[in-house]
Structures are given as structure tokens and as C-alpha cells.
2 protein chains.
Amino acid sequence: MKITAQEEYGLRCLLQLAQADPESGLPVKEIASREGLSPAYVEKLLRLMGKAGLIHSIRGVHGGYRLTRKPTEISLGDVVRALSSLPSTEEICDRHTGNLEHCVHMSDCSIRSAWTTLTEAVGRFMEQVFIADLIGPERTVAKRLHARIETPFQV
Amino acid sequence: MKITAQEEYGLRCLLQLAQADPESGLPVKEIASREGLSPAYVEKLLRLMGKAGLIHSIRGVHGGYRLTRKPTEISLGDVVRALSSLPSTEEICDRHTGNLEHCVHMSDCSIRSAWTTLTEAVGRFMEQVFIADLIGPERTVAKRLHARIETPFQV
DNA sequence: CTAATACTTGACTAAAAAGTCATGTTTTCG
DNA sequence: CGAAAACATGACTTTTTAGTCAAGTATTAG
């Protein structure tokens with residue numbers, strides 16, 4: 001259970017766009033150099049987010065990428081879904097069938113309860129956090145997230 | 001952000017041990033056939049959990065694997081750590097440095113706040129759930145987890 | 001003491017994810 | 001109209017993760 005490379009780098013690229021002038025857009029090269037990534041890789045990440053409708057591009061000399069929506073209207077969940085996927089219980093059950101066609105625990109699976117509980121909580125978090133919330137100094141952002149989502153997983 | 005195959009299958013194998021007679025232990029072959037996995041793969045998963053000290057084995061004709069601790073004393077976090085790792089913020093920052101030696105956001109990273117918040121919540125969940133909690137019918141387990149962890153990520 | 005059961009290990013292969021490359025298209029500046 | 005800037009894309013290579021294999025060692029029943 002980890003944050004994947006695509007999720008991490010894709011989010012960073014999107015955040016660059018969110019912080020750039022919304023009128024002019026940002027060229028791939030510029031994003032790549034700001035993040036220390038190869039332009040080819042940044043293209044690929046932007047492509048994924050473009051397919052998901054989060055960004056669009058303008059070709060030609062003064063081209064570049066821009067957000068299609070405001071940073072207040074793009075959730076962390078939107079971004080992660082574009083780049084890989086949020087964990088979903090169905091996916092786990094469908095993919096992890098071992099050597100058989102169906103999972104042996106199909107009808108009654110206690111592990112499913114655990115993943116569902118976890119998965120739903122992670123999903124809720126990701127839908128409540130917006131790109132706009134992630135702009136600013138680290139401390140400020142941390143406070144903002146904690147204020148928004150009080151006592152996550154309270155005991 | 002997903003549950004990995006190793007985490008899923010490893011947990012299933014451990015749960016088989018938790019449900020088996022603690023005196024006699026369970027042979028690899030038996031676990032494999034109950035879960036629809038290859039014996040070779042089950043060996044590998046058990047090896048990982050053995051290294052983490054969660055289980056131990058007895059060789060010979062009446063051998064097999066057993067838990068070293070009671071199911072009430074093994075957390076979901078213990079299992080996931082043995083099989084892959086819980087997401088940790090340091091790991092993300094160390095591994096995702098792009099083409100550079102250090103991450104460009106080293107000194108001040110707002111994304112780190114988001115991953116830290118999420119990561120800590122997931123970690124708390126995993127430490128609060130024990131293998132013993134996962135034994136029983138799906139509905140029962142679901143209720144148990146929800147009762148234990150009220151309104152996770154409350155709005 | 002030997003055959004059968006069962007764990008042990010390191011090296012191997014296969015599949016998926018991450019990241020790159022080459023080639024092409026669009027737009028604008030001079 | 002070129003040349004340059006910048007996006008577009010499919011195929012490719014590399015790396016990581018998943019899963020298998022072969023050749024062991026330990027234990028016990030007979």
C-alpha cells in the first residue's frame with residue numbers, strides 16, 4: 001500500500017500548473033525543469049491527466065498546458081484516479097483470484113470488510129482535499145488539512 | 001495507491017493459520033489448496049512473514065506453519081509491513097527524487113503535508129485492527145471494524 | 001535406515017509499472 | 001514560406017514486482 005511514482009510526480013506537475021498564470025499556460029520543458037524530471041516523462045503524465053479532462057493544451061510557439069477547471073474544483077481524488085486508481089474493493093476481489101477463475105472467498109470474505117473500511121476512508125479523504133488546498137507553505141497546508149479533516153480515524 | 005498482491009495473499013494465508021488449530025499447524029500444501037494459490041508462492045509469502053517473526057515452522061512429517069503470537073496480538077500493520085510496507089512520507093520523499101539526487105521540494109513541500117496526513121491515518125487504522133478482528137462472517141467483521149473506528153475521516 | 005512428508009533457499013522467469021525515444025503535427029514569428 | 005517552439009503518440013527499454021523452479025535439509029513413521 002503505497003503512493004506510486006505516477007501519482008506523486010503527476011500531482012507535482014498539476015500543482016505547477018495550478019500555481020502558474022492561468023492565462024498563459026506552462027510548457028512541458030518548463031514543468032520538467034522545475035520538477036527535475038525528463039520532458040518525455042512529464043509529457044506522459046500530462047497525457048494521462050489530459051485524458052481525464054483535468055488539463056488541456058495549446059500547441060505552437062506560445063503553447064503549453066493549463067488546468068481546465070479551477071484549483072478549487074479539482075480534488076486529490078480526481079488526480080489520483082487519472083494517474084492510477086484509488087483502491088477499490090471490487091478491484092482487489094477481481095484481480096486477486098490466485099490460480100482460480102473466482103476468488104475462493106467470493107461469497108463471504110472477512111478481509112473484504114477490512115479493505116472496504118480502509119478504502120472508503122482513503123476515498124473520503126481524497127475527495128475532500130482540493131488542489132487549491134495544497135498551495136502554500138508546508139506548515140500552512142498541514143494546518144489546513146488537519147482543520148478540514150478533524151481527528152481522522154478517531155479512536 | 002493500492003493493496004498489492006503480496007499484501008492480499010499474505011494476509012489470507014496468515015488468516016488461515018489464525019483459524020487453524022494452534023497446536024498442530026498447517027502445511028503449505030493445505031494453505032495453498034484452501035486459497036487456490038501455488039504451493040511455491042505460498043512458501044514465499046510465508047517466508048516473508050516468518051522473517052518478520054509473525055509465524056514459525058515445524059519441519060518433518062507432522063510439520064507446518066503456526067503463528068508465533070496470538071491473533072489478538074498481531075495487527076494488520078504488522079502483516080502489511082512484513083509483506084511490503086506501510087506508506088511512509090520519508091520513503092516517498094527519498095524515492096521520488098526524479099533525475100536529481102534530492103527532491104526539488106526538499107525544504108518546503110506542500111504535497112508532503114497531504115501524504116503525511118493520509119499516511120498517518122492509514123497507519124492508525126492498520127495498528128488498531130488485529131488479525132483476531134478479521135475472523136468471522138463478513139458482516140460481523142464489518143460491524144466490528146466500524147464500531148472500533150467510528151466515523152473515520154469524519155466530515 | 002529408508003521412504004515419505006514437509007520446510008528452505010537462491011536463482012530463475014514472467015508480467016506489470018516506470019520511464020524513454022523517435023517521429024510527427026500544429027502554431028507562430030520573421 | 002521556412003524555421004523554431006511546443007504538443008502528440010505509439011513503440012520501445014528498463015526496472016520492479018510477482019510468481020515459479022530445482023535442488024536441497026529436517027523429521028518421523030515403519
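Each chain gets a letter, A, B and so on, in the order its sequence line appears, and its residues count up from 1.
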Original post:
Please give, in whole Å, the distance from C/dC21 P to A/Lys44 NZ?
Top reply: 13 Å

**OP:** Measure from OH on A/Tyr9 to C1' on C/dA17 and round the result to the nearest Å.
**Re:** 14 Å

**OP:** Residues of residues 46-61 of chain B with any non-hydrogen atom less than 4.0 angstrom from an atom of DNA chain D: list those, numerically ordered, please.
**Re:** B/Arg59, B/Gly60, B/Val61

Original post:
Is B/Arg81 salt-bridged to B/Glu127, going by a charged N under 4.0 Å from an acidic O?
Top reply: yes

Original post:
CD of A/Glu43 versus C1' of D/dA11: gap in Å, rounded?
Top reply: 15 Å

**OP:** Scan residues 17-42 of chain B against DNA chain D and write down, sorted by residue number, each residue with any heavy atom closer than 4.0 Å; if none is found, say none.
**Re:** B/Ser38, B/Ala40, B/Tyr41

**OP:** Please tell me if the side chains of B/Trp115 and B/Leu118 come closer than 4.5 Å, counting only heavy atoms from C-beta onward.
**Re:** yes

Original post:
Below 4.0 angstrom from OP1 or OP2 of C/dT8, is there any side-chain N or O of B/Tyr65?
Top reply: yes

**OP:** Please state how far atom NZ in A/Lys2 lies from atom P in C/dA18, giving the value in whole angstrom units.
**Re:** 11 Å

Subject >> Contact list for residues 45-70 of chain A, test side-chain hydrogen bond (donor to acceptor under 3.5 Å, both in side chains), sequence neighbours left out >> reply: none

Original post:
Which nucleotide in the set C/dT8, D/dA18, C/dC29 lies at the smallest distance from any side-chain heavy atom of A/His62?
Top reply: C/dC29

Original post:
Of all heavy-atom pairs between B/Ile135 and B/Ala18, which one has the smallest distance, and what is that distance?
Top reply: CD1-CB, 3.8 Å

Subject >> B/Asn99 CG to C/dC21 C1', straight-line distance once rounded to whole Å >> reply: 15 Å

Subject >> Atom pair distance, as rounded to whole Å: CZ in B/Arg66 and P in C/dA6 >> reply: 14 Å

Subject >> d(CD1, B/Ile3; P, D/dT17) in whole Å >> reply: 16 Å

Subject >> Nearest-Å distance for atom pair CD/P, residues B/Glu8 and D/dT17 >> reply: 18 Å

